[in-house]
Trainee: 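Here it is, the structure in full.
All ligand and atom numbering here is 1-based and tracks the order in the structure.
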Amino acid sequence: MSIESAHVDPYLFEPVQLGPLTLPNRVVMAPLTRSRAKEADVPSELAIEYYAQRASAGLIIAEATQISPQGKGYVFTPGIYDAAQVQAWQPITAAVHKKGGHLFLQLWHVGRISHPSLQPGHALPVAPSAIKPEGQAYTDEGFVPLVTPRALETAEMAGIVEQYRVAAQNAQAAGFDGVEIHAANGYLLDQFLRDKTNRRTDQYGGSIENRARLLLEVADAVTDVWGGERVGVRISPLSSFGDIADSNPEPLFTHVVKQLNRRKLVYLHVIEGDTGGPREVPGGFDLQVLRQAFDGLFMANNGYDMPLAQSTLKAKRADLIAFGRPFISNPDLVERLRIGAPLNEPDKNTMYGGGAQGYIDYPTLEQEDKR
Ligand code: 8OZ
């Protein structure tokens, strides 16, 4: 099978400058938890092939990766806090670079979305405040209810920032091109931002300025290591994923983005609407307000297909489009979009956990031709 298309609008396939990197197109592989890591949070060797297969993306953002043992909230997710993990990431970044690709790492602390069975010494997960999330943790024993976390002491906050700094340094040693700070989806940094989860009375809670403090301290630490031109941030201002909410998200996120802009970050990655769900949510605001407050690149995500991606870029409502699920099942997604080829659907049963099946065996168009 071979499909030739006479004319393709160029938008997705135009090069774009991302800090010092020239991306060949505007198709980004969104960070995707695939839960294939080994003992001690060491990424699997299978990830070498998995990411290399997807190197034609303009940029790959590697899966959410815990910055410390305390930052872990799911079984089989990888880490970036020790030498064995750094060593295991090196052939992954090298394989992507060998194929001409670019790869950022997503730095992750889950906060309260964890379980004692996943924590060092079976301690309680930590959070801004001791408020139990609705939902389940994915542990060695399967799904179990989330627990009431322990509120972090003010004196511990510098240590959290330090975890990010060390992880950022480790990501450099591992050969990544940059890092994305995960401040979305109800994990630790998002828990500090929102007033449903942050009831603190110290300088990390209360006012918008105080709730944004941790994220901005983390942004300072990470840009100290990498320079702003190699650091992005992911936010999900309208999402309720992780049992999160804010009474007034527009001024909160406008402040956050204005302050991130002062740090000259290279991109702002915004999940529009509810994570993995509807793009329009009740009580939402126009997220273009955030684009206007930010001088770097605007990366849009959530449920994009080719027509929506093209019209969004054409209207200059984004500079980059991040695709998640389509990249699971279409390693050559860029080529398929370019020629209008059909996309394979991901198999839900092999999304998380397991081995090669449903991970590195989705075919390219070329491989389909030979079958
Ligand atoms: C799905 C399953 C586990 C983790 C996120 C890191 O939502 C995740 C995640 C998604 O950002």
Trainee: Is it true that the side chains of Gln66 and Thr77 contain a donor and an acceptor less than 3.5 Å apart?
Mentor: yes
Trainee: Answer yes if the side chains of Asn25 and Glu14 hold a donor-acceptor pair under 3.5 Å, and no otherwise.
Mentor: no
Trainee: Show me a pair-per-line table, with atom names and distances to 0.1 Å, of protein N or O atoms that are under 3.5 Å from an N or O of ligand 1.
Mentor:
{"unit_1": "ligand 1", "atom_1": "7 (O)", "unit_2": "Asn185", "atom_2": "ND2", "d": "3.0"}
{"unit_1": "ligand 1", "atom_1": "11 (O)", "unit_2": "His182", "atom_2": "NE2", "d": "2.7"}
{"unit_1": "ligand 1", "atom_1": "11 (O)", "unit_2": "Asn185", "atom_2": "ND2", "d": "2.8"}

Trainee: Do His97 and Asp177 get their side chains close enough for a donor-acceptor pair, meaning under 3.5 Å?
Mentor: yes
Trainee: So, do Tyr138 and Tyr352 have ring centers that fall under 6.0 Å from each other?
Mentor: no
Trainee: Are any of the side-chain nitrogens in Asp246 or Arg211 under 4.0 Å away from the carboxylate oxygens of its partner?
Mentor: yes
Trainee: Is there a chain of hydrophobic side chains (I, L, V, M, F, W, Y, each step under 4.5 Å between heavy atoms) that links Met29 to Val334?
Mentor: yes
